[in-house]
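Scroll down for the structure; my scribbles are underneath it.
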Amino acid sequence: MRISLRIMSILVFESNMIKLTSQISTALYTIDPSQSLTDGNTLISKDGTFEVGFFSPDASTKRYLGIWYANIPLKTVVWVANRNNPINDSSGLLTINTAGIPVILSHNRTAIVWSAPNLSKQAQDTLLLQLLDTGNLVLTNKDVVSGTYLWQSFDYPCDTLLPGMKLGWDLKTGINRNLSSWKSSNDPSVGDFRWEVELQSNNPHLVMWKGTEKFYISGPWTGSTFSAVQRLKPNPIFTSNFVSNEEEVYYMYILKNSSVFSRIVMNQTAHACKRFTWNYVTQSWKLYDAVPRDRCDNYGLCGVYGSCNINELPICQCLHGFRPKSLEQWNQLDWSLGCVRTKPLNCGKGDAFVKYVRLKLPDPTNSWVNKTMNLKECEAKCLQNCSCMAYSNADFTGQGSGCTIWFNDLIDFREFPDGVQYLYIRMSSSEIDKGKSTVKIVGIILASIVFISGILMIWFYIKKRKGKLREEAENNTQIDQDYDCYSQEMEAVFQLATIVNATNNFSINNKIGEGGFGPVFRGTVIGGREIAVKKQSKSSGQGLTEFKNEVALIAKLQHRNLVKLLGCFIQGEEKMLVYEYMPNGSLDSFIFDERKSQLLDWAKRYHIICGIARGLLYLHQDSRLRIIHRDLKSSNILLDKHMNPKISDFGMAKSIRGEQTQGNTNRVVGTYGYMAPEYVTYGRFSIKSDVFRFGIIVLEIVSGKRSRGFDHPNHSHNLIGHAWELWKEERSLEIVDSMLMESSQSHLAEVMRCINVSLLCVQQNVEDRPSMGSVILMLGSEISLPQPKEPGFFKGNDAFIQQYSTNQISFSLFNPR
């Protein structure tokens, strides 16, 4: 009897479990009008990819109905229903009301928190709410053909665009599918950033808004991509599509592999729109791309007819044929007024067009498109309208087709080194004729110069060679036979008399500085050109080797952030280097001077930091010779009249071959306060020891304090150690120069980024330091930066370096300033 009762109980229990399992199974995938989803339960898509339920973001206690990935460990919410109307407790439930509309209720079903928008009253009997495998929550009618939805969450995106979602307009219903950022990680309500398709012209495009201001635009669709994102070329992950017809205008991307997880997210940050893919190895989201990518992506940064090039300093330049509207503001790096034509248009007498290549096409808001016109018809159409300022193909795939014309002033250009787009801009005919004549004249002049120069060079070489042989025969004094200034790749040959006259016989009134090589004199040669002459002193620690080294290296280098060597002179004991004159002197004369430092606001200091970085990258990677400077310091950074930085003093530099990145020396040379620990300890120099020096210079620029001789009343740390301690205590802004606090208030994130980058550059271990390419990327973007590790030489003052000296290394530490 007991056994029978037990068997009966088991059978009843199993029967009930089967019924319960059946009910749960039904509830997992769909909800009909007789069911509801309460807080604590979830609805899941059939393939288990997505899940819908109530959640609380981060540290918040408020409850929202959202959709997230169900099968990855990191909870990633992709849609929120009641984002602007949270529930304060766990009383929320999702159901289909008697009118056939999905709603969220709370407080015992007495309060409607959210209801599906733009949905007319429906008969309840055959309705079904279902979460699809795409992440789309849909309301369907079971009696209607599958794929027809009465309402779908994909029509009302929040901050995330999933594969297969449409970003854009349904012109029949008026629905505008746009992305808007969360206010914060704790608050999914609508934030400042919005991304949508703009329809103001018949040339729709994507626009990112920050509040009511345009923040970034994609440019027009060019057939396979948007004008602003040329680097998103065919890839193995997704394909992009842009549809524009009478019923819909939208952007969509589709995954090529269904096993890949990908999403586009609108963030409340400067890199507002980010595309992620899921990394199964690290179990984390990997950033694939982001816009804006850098400052050049900021809408209208360079003003009308100004073009941005992230690889140049300053990054804004007027297009050819244009000049800054306000030169004074332009030189102060305020480009908002943009550029104007050097020759005004004259529509009545006839204008013409100049072709510009490798440009992002301008803001298409005031443009017009015809997909059937050819380029010749497009030009004629533009010439008929005096307000038409430019034209181009509408589609750049294949040989190009269609016509786009722009009206009024053109704005939002940037340059792409490998771009394929082109634009014809309206210009004055006189400007074009002048250009053609100038090219012709220049060509004739150049050809004549080359011919005459060739003859003169042959004559000069023969004459010089004969004179040298005669001088060697007559005198025991001779120029170093292994070296010849005249053979170097420099602009001019300087005779001693020329240099003496230019510097007023090396007058003390012309002396502008003193370095490890010797004194530096300012001079003016015939024609009015100013030069700077470095004259080797007898007490100089640098000899013929350093002299020859500097000439041989710098004569072959050409970069806007390297000082230009114009010529040299050597005869007996006299050795001189002739440079372009830098009217603002050295960087250290500004940042360490209480009065002059006030002239360097944060914008100028940031400009200088980026310029030094680009010059150093050129030395390490892009020059004909791979160069390690070995003596980079603030006194070796010179400033031209526009405060552009130029790296100088290459006497200690070393060239390396091929893919080589380091070397060794038994003679350690350099300056206290700038040398990397591995260099002092083992004589090992590398591109990373230059990176270490760069990090020190950035700290000096930010703080206004010298690395060498830094003194603090509360501790004995040097500048690196002081910066490191403040970083660990999250008080890094205390290191910022007091002169900067007012000008840097609006750039605090940029200041903190520079401090972070500087500490990454001075890390103890060579392998941990970034390359200069990575440094430039980190400075010019807002990607998340790694946390720095312990720096080298932070435990005390400059004397701490001395304990690293060894018997095998002779110290030759030059401190010219």
Salt bridge between [X] and [Y], side-chain N to carboxylate O under 4.0 Å?
| X | Y | result |
| --- | --- | --- |
| D294 | R414 | yes |
| E678 | R769 | yes |
| R522 | E530 | yes |
| K535 | E574 | yes |
| D649 | K633 | no |

Practice task
Please assess F650 against H629 for the test side chain to side chain contact (heavy atoms under 4.5 Å, CB included), listing each intermediate value before the final yes or no.
Solution key: CA-CA 6 Å; F650 288 77; H629 190 282; 3.8 Å; yes
[X] versus [Y]: any side-chain heavy-atom pair under 4.5 Å?
| X | Y | result |
| --- | --- | --- |
| M772 | I687 | no |
| V751 | Y606 | no |
| K789 | D768 | yes |
| I776 | R614 | yes |
| R706 | L719 | no |
| N309 | I315 | no |
| W335 | L333 | yes |
| D690 | H620 | yes |

In Å and rounded to the nearest 0.5 Å, what is the [atom1] to [atom2] distance from [X] to [Y]?
| X | Y | atom1 | atom2 | answer |
| --- | --- | --- | --- | --- |
| I612 | L587 | CD1 | CG | 5.5 Å |
| D588 | E700 | CG | CD | 8.5 Å |
| I696 | M675 | CD1 | CE | 11.0 Å |
| I701 | W602 | CD1 | CH2 | 8.0 Å |
| R693 | Y674 | CZ | OH | 11.0 Å |
| M643 | H607 | CE | NE2 | 8.5 Å |

Quick check: closest heavy atoms across [X] and [Y], and the distance to 0.1 Å?
| X | Y | result |
| --- | --- | --- |
| M582 | L639 | CB-O, 3.5 Å |
| F506 | F521 | O-CE2, 3.3 Å |
| G611 | N561 | O-CG, 3.2 Å |
| C761 | V691 | CB-O, 3.4 Å |
| I609 | F694 | O-CE1, 3.7 Å |
| D640 | N584 | O-ND2, 2.7 Å |

Problem - Axial cation check for F685 ring with R630, 6.0 Å and 45° limits - result: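 Yes, cation above the ring, under 6.0 Å and within 45°.
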Exercise for the section: Could you please spell out the steps behind the side chain to side chain contact (heavy atoms under 4.5 Å, CB included) verdict for I647 and V563? Expected result: CA-CA 6 Å; I647 299 172; V563 70; over 6 Å; no
Ignoring hydrogens and geometry, is there a side-chain-to-backbone donor-acceptor pair from [X] to [Y] under 3.5 Å?
| X | Y | value |
| --- | --- | --- |
| D737 | M739 | yes |
| Y618 | R560 | no |
| Q763 | L760 | yes |
| S703 | I735 | no |
| R753 | L779 | no |
| S589 | G585 | no |
| E580 | K564 | yes |

Exercise for the section: Check the pair L557 / H559 against side chain to side chain contact (heavy atoms under 4.5 Å, CB included), numbers first and verdict last. Expected result: CA-CA 7 Å; L557 304 177; H559 191 272; over 6 Å; no
Problem - K705 atom NZ, neighbour heavy-atom count above 12 within 6.0 Å - result: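 12 or below, so no.
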Does one side chain, of [X] or [Y], offer a donor that lies under 3.5 Å from an acceptor on the other?
| X | Y | answer |
| --- | --- | --- |
| Y356 | S307 | no |
| W724 | E790 | no |
| S507 | N505 | no |

Exercise for the section: Apply the test side-chain hydrogen bond (donor to acceptor under 3.5 Å, both in side chains) to residues T524 and Y581: give CA-CA distance (whole Å), side-chain angles for both, the deciding distance (0.1 Å), then the verdict. Expected result: CA-CA 9 Å; T524 306; Y581 175 66; over 6 Å; no
Problem - C308 and C302 SG atoms under 2.5 angstrom apart - result: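 No - the two cysteines, C302 and C308, have SG atoms at least 2.5 Å from each other.
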Problem - Qualifying residues under disulfide bond (SG atoms under 2.5 Å apart), relative to C610, sequence neighbours excluded - result: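 None.
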Problem - Pairing residues for C339 by the disulfide bond (SG atoms under 2.5 Å apart) criterion, not counting sequence neighbours - result: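 Disulfide bond (SG atoms under 2.5 Å apart) check on C339 returns C318.
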Problem - L759, V736, V698 screened by side-chain contact (heavy atoms from CB on, under 4.5 Å) with C754, the one that passes - result: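 The residue from L759, V736, V698 that satisfies side-chain contact (heavy atoms from CB on, under 4.5 Å) with C754 turns out to be V698.
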Handout entry: Step-by-step side chain to side chain contact (heavy atoms under 4.5 Å, CB included) determination, V533 to N510
Key = CA-CA 10 Å; V533 180; N510 287 55; over 6 Å; no
Problem - For Y579, all residues meeting ring-ring contact (aromatic ring centres under 6.0 Å, His included), sequence neighbours excluded - result: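 Result, ring-ring contact (aromatic ring centres under 6.0 Å, His included) vs Y579: none returned.
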